[in-house]
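Everything below concerns the one structure shown next.
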2 protein chains.
Amino acid sequence: MSKKRVTLADVARLAGLSPTAASMILTGRPDTRLSAEAHARVHAAALELGYRPNLAARALRTDKTRTIAFISDVVATTRFANGLIRGTLEAADAAGHVVLVLETGGEPAREVQAIEAALDRQVDGFIFAAMRAREVFVPALPAATRVVMLNATSRHHPVCILPDEFEAGGAAVRLLHDAGIRDGIALIGHNQMVEQGLFRSETVSRRLSGIRTEMARFGLDFVAEESCWNWEARNGYELVCGLLERKVPLTALLCLNDRLAFGAYQALGEAGLRIPADMSVVSFDNDELAADLRPGLTTFALPHEEMGREAVRLLLAPKSELGEHLIPMTATIRQSIAIIGEGRGLVTEMPRPSRSN
Amino acid sequence: MSKKRVTLADVARLAGLSPTAASMILTGRPDTRLSAEAHARVHAAALELGYRPNLAARALRTDKTRTIAFISDVVATTRFANGLIRGTLEAADAAGHVVLVLETGGEPAREVQAIEAALDRQVDGFIFAAMRAREVFVPALPAATRVVMLNATSRHHPVCILPDEFEAGGAAVRLLHDAGIRDGIALIGHNQMVEQGLFRSETVSRRLSGIRTEMARFGLDFVAEESCWNWEARNGYELVCGLLERKVPLTALLCLNDRLAFGAYQALGEAGLRIPADMSVVSFDNDELAADLRPGLTTFALPHEEMGREAVRLLLAPKSELGEHLIPMTATIRQSIAIIGEGRGLVTEMPRPSRSN
DNA sequence: CAATATTGCTAAAAGGATTTAGCAAATGAT
DNA sequence: ATCATTTGCTAAATCCTTTTAGCAATATTG
């Protein structure tokens, strides 16, 4: 009938024991010498009263909150890197932790604020996530703070998680090669600066490096390398229109992301070319879009969800496992490549939640 | 040099005052009678030591954490309702609060767990969000708990925020009417069950109701009402292919979401029909997709971001403002309607973050 | 049997803030 | 000069849990 919260003292009283005993039993201390009967009485009392420990009080004493701070530029608030947060939430939940999500828009001032807000709340660790894999500036933190960089790197925090772009780049080339394609392959979205790792994501330069390495291994050459700065649908459209106008002999398009590929689809459609009969297309990201295109787009997914899960695992691991953790990118095979050889890394498509409003 | 946290006692000591005084001054109590000099000394000391209050300790005493629980089915982890969380984070940040994000996948068991995890951490209030606006089951909560339903409703929690679908439905019809279109309007995605509010989102039934009311007001009739259960691109494609086969005389397609519209684009494209010259299209959602289509799709955006902000405002408002809070949906005018009259509610398109990996 | 170990449990302190009750000095009223 | 207020500040209690140190009773050992 009383409106107050049930406290540990209440449980102890009902069990006829001291709060000390109740605490030891409920927190499952190993070395305690309390009787089996005491255990039973305390657990029964806790159940009967519906006891829930006050985590603020516990945090005050133990400095542990079972709370993780997820600090990102725009991960939670754009659709792009959504899997990162999905994986993080899922793994945190499984580990009995909870996630404080803070977005900074990449602004250093807000970043500092976010970190302070999290520190004030005694979080157990930090995950710094970035929408595009990149070096992220992390303001100074207390020495012992546990930190994992997710889809990001940092000079001061060596534990980081990245997609294995080099391998995926090679795999994309293999997919075309296995399909019997030898000539007329165009690279869509190449950019000198990016390739040299000067701008944007460091990982994309690895993707390109993987592509070139594998092309060389097979003795293949690009018939064209179309460069652009942004990777939007419009850019893909314009680049492919250009190629068609110049009558470059094309067999396959290796697009650096799905939006470029979407633009390519539009250009090819308007030119009356059929995919994959007249042209094969392969791409990266596995955007939601890729499944809706006609025909479905074969593309290498960024393993965001898996990366998020791994971030939580590393953050809560007993000792930190330093270094880069590369997560494999798997191909989702659809119908955009005229497959002659057998597909590798084939993944059946996952059902997605459908939407109605 | 010491590694320990700076505590209020340290500040008080440095200022030559009691912790009581320091607390009163730093929390900015109004009625205190402490001297101006004392204020100055305490603030100076806090600054010098870099004092940050321990929120766990404060929470223990005051039961306030400046933390909000955002509990949703799949909002944070799908791209669809992303704006909800963006708006929430933004407004919470502005109000000096922090957001605990918990996803339940809509499973009642996980919902209960999530609520308990949040209650254990003494959150100041709950926002229950749903991907599609719908009645959400909320497990019992302590009586005084502050709750806002976001894009959702609940029998027990009267404060809710919904998009103004009725109005938007009418506005979509007006857009076509203003463009001089009188005949050959097809409704794509109609569904009897949805319209009666029996399934899915309650708000979509309002959207349909707004559409029909406005059609009636103008004395217009649909030339066809194509029904389907899912609202994916493939459904739009199939429905429009069907209409074309049956040679229904079409002028405009009123699609119930952008994915259906995307499918319609594909079907029209394959049939060699041009938008908007041969066919106007209008739709709902303002999916990212809508901007990438050729031509750009005119569509009514779900005001998710604004809704998220409003949720925080209502949650933290001094007294709860009961009832439904309808947020207007604004049209983003692109090129998919042959505009003859003048466009209303025209919104220039916002730049979106571009993406490269 | 006396000395020692073990068992089963508890009192009290600690963690860091807020808040209630109240003290001493200065000021004002009579 | 005396009593009542006001001013400026503080001691101590409180929130709830964990943890250290240790007590009393029983069991074991020499």
Side-chain angles (χ1 to χ4, degrees), chain A residues 2-43 45-46 49-67 119-122 124 142, chain B residues 2-43 45-46 49-67 119-124 142 144:
Chain A
S2 88
K3 304 224 163 194
K4 292 192 16 77
R5 268 185 82 111
V6 174
T7 135
L8 184 62
D10 300 330
V11 173
R13 191 160 30 244
L14 180 60
L17 287 167
S18 70
T20 308
S23 169
M24 286 169 151
I25 288 170
L26 290 177
T27 53
R29 273 244 207 142
D31 56 338
T32 183
R33 298 183 306 243
L34 295 161
S35 66
E37 210 230 313
H39 275 80
R41 285 218 309 275
V42 167
H43 279 122
L49 298 177
Y51 170 70
R52 304 237 85 212
N54 180 327
L55 294 197
R58 178 178 289 175
L60 184 56
R61 193 67 235 267
T62 62
D63 248 28
K64 299 237 158 300
T65 52
R66 301 187 79 78
T67 302
L119 284 175
D120 290 352
R121 287 165 181 83
Q122 326 268 118
D124 293 346
Chain B
S2 88
K3 304 225 162 194
K4 291 192 21 78
R5 268 185 80 112
V6 174
T7 133
L8 184 63
D10 299 331
V11 174
R13 191 160 28 244
L14 180 59
L17 288 166
S18 70
T20 308
S23 170
M24 286 170 150
I25 289 169
L26 289 177
T27 53
R29 274 245 207 140
D31 57 336
T32 183
R33 299 183 305 244
L34 295 161
S35 66
E37 210 229 314
H39 275 81
R41 284 217 310 275
V42 167
H43 279 123
L49 297 176
Y51 171 70
R52 305 235 83 213
N54 181 326
L55 294 197
R58 178 179 289 174
L60 183 56
R61 191 68 235 266
T62 63
D63 247 29
K64 298 239 157 301
T65 51
R66 301 187 79 78
T67 302
L119 284 175
D120 290 352
R121 287 166 180 82
Q122 327 266 117
V123 298
D124 293 346

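Chain identifiers are assigned alphabetically (A, B, ...) following the order of the sequence lines, protein sequences preceding nucleic acid strands; residue numbering begins at 1 within each chain.
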In whole angstroms, the gap separating C1' of D:dT19 from CG of A:Leu8 amounts to 13 Å
Side-chain N or O of B:Thr7 less than 4.0 angstrom from OP1 or OP2 on C:dG16?
no
Nearest 0.5 Å, please: how far is CE in A:Met24 from CG in A:Leu17?
12.0 Å
Taken to the nearest whole Å, NZ/A:Lys64 to P/D:dT19 is 11 Å
Is B:Thr62 touching bases, backbone alone, or none of the nucleic acid, heavy atoms closer than 4.0 Å?
sugar-phosphate
Just the rounded figure in Å: distance from P of C:dT18 to CD1 of B:Ile25.
12 Å
Counting just side-chain N and O atoms, does A:Tyr51 come under 4.0 Å of either OP1 or OP2 of D:dC16?
no
Does any non-hydrogen side-chain atom of A:Leu55 lie less than 4.5 Å from one of B:Gln122?
no
Per-nucleotide protein contact string for nucleotides 7-13 of chain D (B base, S sugar-phosphate only, - none; heavy atom under 4.0 Å)
BBBBBBB
Indicate whether the side chain of A:Arg121 and that of B:Thr67 have a donor and an acceptor atom separated by less than 3.5 Å.
yes
Could you tell me how far apart B:Gln122 (CD) and D:dC16 (C1') are, to the nearest whole angstrom?
10 Å
Any donor-acceptor pair under 3.5 Å from A:Arg5 side chain to A:Arg52 backbone:
yes
Tell me the interatomic distance from A:Leu26, atom CG, to D:dT17, atom C1', rounded to whole angstroms.
11 Å
Ranking C:dG16, D:dT17, C:dT19 by distance to the side chain of B:Asn54, first place goes to C:dG16
Would a 4.5 Å heavy-atom cut-off, applied to side chains only, mark B:Arg66 and A:Asp120 as touching?
no
Please find the pair of heavy atoms, one from B:Leu8 and one from B:Tyr51, that lie closest to each other, and give the distance.
N-CE1, 3.4 Å
For B:Asp63 and D:dC16, give me the distance from atom CG to atom P, rounded to whole Å.
8 Å
Considering only side-chain heavy atoms of A:Leu60, which listed nucleotide, C:dT20, C:dG15, C:dA17, is closest?
C:dG15
Could you give me the CA-CA distance, side-chain angles and deciding distance for B:Val11 and B:Val42, then say whether side-chain contact (heavy atoms from CB on, under 4.5 Å) is met?
CA-CA 7 Å; B:Val11 174; B:Val42 167; 4.3 Å; yes
Are any of A:Arg29's side-chain N or O atoms less than 4.0 Å away from OP1 or OP2 of D:dT19?
yes
Rounded distance (Å) that lies between atom C1' of C:dA17 and atom CG of B:Leu55
10 Å
Atom-to-atom span, CZ of A:Arg66 to P of D:dT17 - whole angstrom
16 Å
